[in-house]
There are 2 protein chains.
Amino acid sequence: MTKPLTILDIARLAGVGKSTVSRVLNHDARVKDSTRAKVQAVIDQHGFLPSKSARAMRAQRSGVVGVIVAKLSSNSENTALTGLLNTLYAKGYDAAIMESQFSQQKAQAHLDVLKRRNVDGIIFFGFSGCDLNALAPFAPNCVVLAVDSEQYASVSYDNQGAVTQVMDHFYRQGCRHIAFLGIDERDETTGLARSDAYQHFCQTHQLSPQLHRCEMSLHAAYAATDCLLTPQTDAIVCASDTLALGVAKRLQTLNRENIAIGGIGNHDMLRFMFPRAVSVELGYHQAGQHAAELLLKQLDDEVTTITHWTQPCHLVTP
Amino acid sequence: MTKPLTILDIARLAGVGKSTVSRVLNHDARVKDSTRAKVQAVIDQHGFLPSKSARAMRAQRSGVVGVIVAKLSSNSENTALTGLLNTLYAKGYDAAIMESQFSQQKAQAHLDVLKRRNVDGIIFFGFSGCDLNALAPFAPNCVVLAVDSEQYASVSYDNQGAVTQVMDHFYRQGCRHIAFLGIDERDETTGLARSDAYQHFCQTHQLSPQLHRCEMSLHAAYAATDCLLTPQTDAIVCASDTLALGVAKRLQTLNRENIAIGGIGNHDMLRFMFPRAVSVELGYHQAGQHAAELLLKQLDDEVTTITHWTQPCHLVTP
DNA sequence: CTGTTAGCGCATTCAC
DNA sequence: GTGAATGCGCTAACAG
């Protein structure tokens, strides 16, 4: 490990002053071309890299954005994260990723840490019952994902469109007894918004709703299936692919595989295990990218207008 | 955004010198208790947070470790990552996480970026055909995960033990026609090591091996199942749970659910979809933690001994 | 035990 | 156009 060169070393090597090197580094226009070339040559030759820490200290910015996801193991979240990271890194930012594990307390703890780290901004993946007010110290440099918010820029999924598309698909196929499995309505998006869309569809299409809620887990969905079934049931729409997997498994066990299944999230596993199931692609990857772009725009342009973006979705059929 | 306080502000507020505040911050023993209390009170009262950038600059360390995973969507990797991050953050380090997507080229590009970012160390998740020499510029501050290496500290999984445990389980249950589905043997761990263990078990137990290889995907495993089956087959062991899911699905379709299934990785989905399947818990989470601890130890103690750790595994039965 | 001093590497004045 | 000087917030060496 040879000691890294500093801007001063380069200056001496090039026979100029520190500030000239600094100007070259920062693409300052007022440097004579010949001087610039000379300095740049020395820089390239030694593979000199300006210290990020020193820059950060000088600029009072860390060049790091905090990202709080609920669970890395969640398909939706790690897909969005992938899109998000690419964008961030491309722009020279680092990301500090932490898991809230659906706990407001942990989220708060992480926000405290991130505050201490002096992150330049926050991208927060919302979850049931999260308190967005905790983001206040970072305002307006934060973007929330997967939930709506008036106070912060947000990127959300088209919950209503997703449910409507699946319902419409089944309806066109002739289903008239479409049940719905959702989650707790205190969850405003996956819970409330999606079940509302279901009920609204039923209302406008003269269907009698058959709705049940359970925990967001394979086993819960499996168990809940029985509460949903009637002899006439011809389709079941689920608020997520995880639920759909649980339900489909139960239907398989019950030998009621004639019942159509619809999910939301376009999870590989659902397609593979139950190829006849349909699902909605919510655009996780793009949503992640968009969230990052939004944040960076806020950081750079000092834009203070709060933007809200709803990611378009589309149905995926076998 | 009120301007953050500095150590000097605190010093003035507490009526002491800067260095005393610094000492309190760094838990330096030689500060009178009463003084410490006074300073601490001011710190707490104002919620003062020392600037990480300044510290990093002073210490000539960025406080960031680079983490290169293959795919965030991989269950094994994001589980290990969770363990890893907790450890890292607990010790005050940040992580810069990037995806190689199983491409040496992308990995190299990321390593270059990380080098430029002046990261203090690297944790690298190995994949088939990765070239660990690319890590040389970071030596000895790197740890590789999931692959063996002589040159770097490593944390690897007990590939042989995992296969042996599943084989042994089935053997004790009376199975004598145990087939194995693996992947390309150019993959030294999941591919070669696991199939070798299978063959070795067959040899020592007088079983005739029935081995096939395919891509690491649900569909490939599904299709490959037919190449594996004979009328006598009574169990199929797979090099991973993903493969096991594919195989189990195929067996279900073929109505040969009397054949036992064994996987490696202890994936939730396998347990749920095919409760009768057995799997081996490889200890992803702990391995991640361990890798982080190893790296931090190298960074702190300047230990130069190269450590190799094999994560213990255990069978999980219904 | 505690205050003073001197940089860490860089970007930004301000002179020339 | 360019160099010298200044200070970002913090820690370590040196005095008391």
Side-chain angles (χ1 to χ4, degrees), chain A residues 1-43 46-64 92 115-120, chain B residues 1-43 46-64 92 94 115-120 300:
Chain A
M1 281 298 252
T2 98
K3 186 166 300 185
L5 297 176
T6 80
I7 200 177
L8 183 58
D9 299 320
I10 301 299
R12 288 205 253 263
L13 254 28
V16 300
K18 299 198 302 178
S19 12
T20 301
V21 178
S22 177
R23 289 185 185 108
V24 171
L25 250 25
N26 294 290
H27 307 100
D28 188 319
R30 40 186 198 174
V31 176
K32 207 200 304 177
D33 278 358
S34 62
T35 312
R36 173 187 306 285
K38 187 171 59 181
V39 173
Q40 189 62 53
V42 178
I43 290 177
H46 295 267
F48 166 75
L49 308 163
S51 147
K52 198 178 163 156
S53 322
R55 287 191 132 151
M57 167 157 173
R58 191 67 181 70
Q60 309 275 46
R61 314 180 303 103
S62 57
V64 176
K115 190 67 191 167
R116 173 167 320 134
R117 297 285 172 83
N118 233 317
V119 295
D120 298 333
Chain B
M1 278 300 248
T2 99
K3 188 165 297 183
L5 297 176
T6 81
I7 200 177
L8 183 57
D9 299 321
I10 301 299
R12 288 205 253 262
L13 254 30
V16 301
K18 295 198 304 175
S19 21
T20 301
V21 178
S22 176
R23 288 185 186 108
V24 171
L25 251 25
N26 294 291
H27 307 101
D28 189 320
R30 33 183 205 175
V31 176
K32 206 203 301 177
D33 279 356
S34 62
T35 312
R36 175 188 305 286
K38 187 171 57 181
V39 173
Q40 189 63 52
V42 178
I43 289 177
H46 295 266
F48 166 74
L49 310 162
S51 145
K52 194 177 175 182
S53 320
R55 286 189 137 156
M57 167 158 173
R58 193 65 181 67
Q60 310 272 52
R61 311 179 304 99
S62 59
V64 177
D94 274 349
K115 189 66 191 168
R116 177 165 318 136
R117 297 279 172 85
N118 232 320
V119 295
D120 297 334
D300 293 351

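Chain naming here is simple, since letters A, B, ... match the order of the sequence lines and numbering starts at 1 in each. Every heavy atom of this structure was used, including side-chain atoms; hydrogens, water molecules and symmetry mates were not. Only a predicted model underlies this, so the values are computations on that prediction, with no experimental measurement involved.
Projected onto DNA chain C by closest heavy-atom contact, A/R30 and B/R30 fall at different nucleotides, the more 5' of which corresponds to B/R30.
Between A/N26 atom CG and D/dT2 atom P the separation is 15 Å, expressed in whole Å. Residue A/R61 contributes atom CZ, which lies 15 Å from atom P of D/dG9 at whole-angstrom precision. Summarising the geometry, the separation between CE on A/M57 and P on D/dT6 is reported as 17 Å, rounded to the nearest angstrom. Put simply, CG on B/D33 is 11 Å from C1' on C/dC1, counting in whole angstrom units. The distance from atom CZ of A/R58 to atom C1' of D/dT6 is 9 Å, rounded to the nearest whole Å. Atoms CG (B/L49) and C1' (D/dG9) sit 13 Å apart, rounded to a whole Å. When the P atom of D/dT11 is taken as reference, atom CG of B/L25 falls 6 Å away, rounded to whole Å. What separates NZ of B/K38 from P of C/dC1 is a distance of 14 Å, to the nearest Å.
A/K18 contributes atom NZ, which lies 13.0 Å from atom CG of A/L25 (distance to the nearest 0.5 angstrom). To the nearest 0.5 Å, atoms OG (B/S53) and CD (A/Q60) are separated by 8.0 Å.
Ranking C/dT5, D/dT2, C/dC1 by closeness to the B/K18 side chain, first place goes to C/dT5. Proximity note for A/Q60 (side chain, C-beta onward) versus D/dG3, C/dC8, D/dG9: the nearest is D/dG9. Nearest nucleotide to the A/S19 side chain, out of D/dT2, D/dG3, D/dC10: D/dG3. For A/T6, counting side-chain heavy atoms from C-beta on, the closest listed nucleotide (C/dC1, C/dG9, D/dG3) is C/dG9. In the set C/dT2, D/dG9, C/dC14, the nucleotide with an atom closest to the side chain of B/S51 is D/dG9. Side-chain proximity of A/V16 to C/dC10, D/dT11, D/dG3: nearest is D/dG3. Side-chain proximity of A/F48 to the nucleotides D/dT2, C/dC10, C/dG7 is greatest for C/dC10.
Here the side chain of A/K38 pairs no donor or acceptor atom with the backbone of A/G15 at under 3.5 angstrom. A side-chain donor-acceptor contact under 3.5 Å links A/R36 to the backbone of A/D28.
Base contact: A/S22 has a heavy atom under 4.0 Å from a base atom.
Of the side-chain N and O atoms in B/T35, none sit less than 4.0 angstrom from OP1 or OP2 of C/dC1. The shortest distance between the side-chain N/O atoms of A/R55 and the OP1/OP2 oxygens of C/dA11 is below 4.0 Å.
Here the shortest heavy-atom pairing between A/K52 and A/S62 reads CE-O, 3.9 Å.
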